[in-house]
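First listed ligand is number 1; within each ligand, the first listed atom is number 1. As a basis for the values below, the full set of heavy atoms in this structure was taken, side chains included, without hydrogen atoms, waters or symmetry mates.
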Amino acid sequence: MTTFSPSRAFALELDSQDELASFREQFVITDPDLLYMDGNSLGRLPKVAVERARQLVKTEWGNDLIRGWNKGWWEAPRRVGDKIGTLIGAAAGQVIVSDTTSVNLYKLTMAALRLQSGRKRIITDQFNFPSDLYILQGVASFPGGDLRNTQYEIIRIPAADDDITPDLAALESAINEDTALVTLSHVLFKSGYLYDMRAITDLAHRKGALVLWDLSHSVGALPIALDDCNADLALGCTYKYLNGGPGAPAFLYVNKKIQEKVSSPIWGWWGQNRPFDFGLDYEPAPGVDRFLVGTQPMLSLLTMEAALEPLLQAGMDRLRAKSILLTDYASTLTEERLAPLGFSPGSPRDSARRGSHISIRHTDAYRINRALIEEMNVIPDFRAPDNLRLGFAPLYISFADVWDVVDRIRTVMMEKRYEKYPKEKLAVT
Ligand SMILES: *Cc1c(COP(=O)(O)O)cnc(C)c1O
């Protein structure tokens, strides 16, 4: 492991050796002093996306009008899906862009349960993103079709003692012959813990369970090998590390080996075999396309397609190498400079088990977060109960940024700037 020296000059030295440093110039940066540490929640705007959006609105919407559907709009969910596929180790024909992460989780969970009829157990963990847990609860409480008489049991794997890591022994023993589905976030949204995709997938398969991975916090941050790990199903957001823009549509993956066996619970015309026959009865489209539902938000989808370019150019291996160095550096600086001020780690120390964000804990994390945003020109975020979360998007975060964030947090603490903020929380934290 790299030995980090505590001076800012050392951060500048790391920046001078960073072969990805110039990618920052590919992003719109209106305020060079702003330390934007929330790229894991809403990525920055790539310049190429600005150009693409302008052209889309003026030329394609404004001039082409409905002809646009025959000039690349109609195929966009598959075309862009295949591009995202190259980032997640999925061969062509297995990924589509469609709807939202939450809705895709509903579609894929229902599809998995139908395939696994007779099995009643759904396994997830208590760290999963709440929307994921709610979708599972909704599925279990409101089954339809041939799921009607099945009483599903949702098991939430608890934390190991430090509340950072899931209890892997509990996970292993929970997966049994009655398990229909194991569904987990690949990287946990609070602690940044990174599951071993291959090991968990193998574990589930040995008991005949299917696995569905939510890649929202790993896609674009680290290399993923869905095909190679023999994953069954996956999905994720495009507005986090993929920089697709607020509300950009999500993606989903269905492994080739089960594509012809699964059905979507929402039968829309985009998922129909021959939509322009306007036939009266549904017949599923071949392959993963059957998980499309209806007309997609083209302005957003095609802008997101352009936004992928810097990421595709940089390549996931180089991004991961920088991400590990950034988060190791941040962890070291936290230990040396913030632990004495009452912070404790909220993320794994081992980079092999960590995504590209870290949480640091403090009982006053909410008010510290407010002070950083309002007075220090830093944007982290707060995740209850006590996590100050920092995202290190390797395309545009520098090592000097890491040093500066820690330094500005120190200023807030030494000058007790957070104390004047109320403890009541704003709507969006
Ligand atoms: C960000 C995120 C979501 C968000 O879902 P939306 O449907 O886009 O609101 C869901 N799950 C996980 C794990 C996430 O990180």
**Prompt:** Looking at Tyr366, does the NZ or CZ of Lys423 lie under 6.0 angstrom from its six-membered ring centre and within 45 degrees of the ring axis?
**Reply:**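 Negative - Lys423 is either too far from the ring of Tyr366 or too far off its axis.
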**Asked** Does Trp403 have Arg337 sitting over its ring (NZ/CZ under 6.0 Å from centre, angle to axis within 45°)?
**Response**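 Yes, Arg337 and Trp403 form such a contact.
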**Message:** Any carboxylate oxygen within less than 4.0 angstrom of a Lys/Arg side-chain nitrogen, looking at Asp317 and Lys322?
**Reply:**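 No, Asp317 and Lys322 are not salt-bridged.
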**Message:** So that I can tick it off, tell me whether Lys257 and Asp232 are bridged by a salt bridge, with the cut-off set at under 4.0 angstrom between side-chain N and carboxylate O.
**Reply:**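 Yes.
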**Prompt:** How far apart are the closest heavy atoms of Gly39 and Tyr396, and which atoms are they?
**Reply:**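 Where Gly39 meets Tyr396 most closely, the heavy atoms are CA-OH, 3.2 Å.
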**Prompt:** Does a donor on one side chain sit under 3.5 Å from an acceptor on the other, for Arg114 and Ser263?
**Reply:**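 On atom types as modelled, these side chains qualify, holding a pair under 3.5 Å.
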**Item:** Contact residues of ligand 1, where a non-hydrogen atom lies under 4.0 Å away
**Value:**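 Correct list: Thr100, Thr101, Ser102, Phe129, Asp132, Ser185, Asp214, Ser216, His217, Cys237, Tyr239, Lys240.
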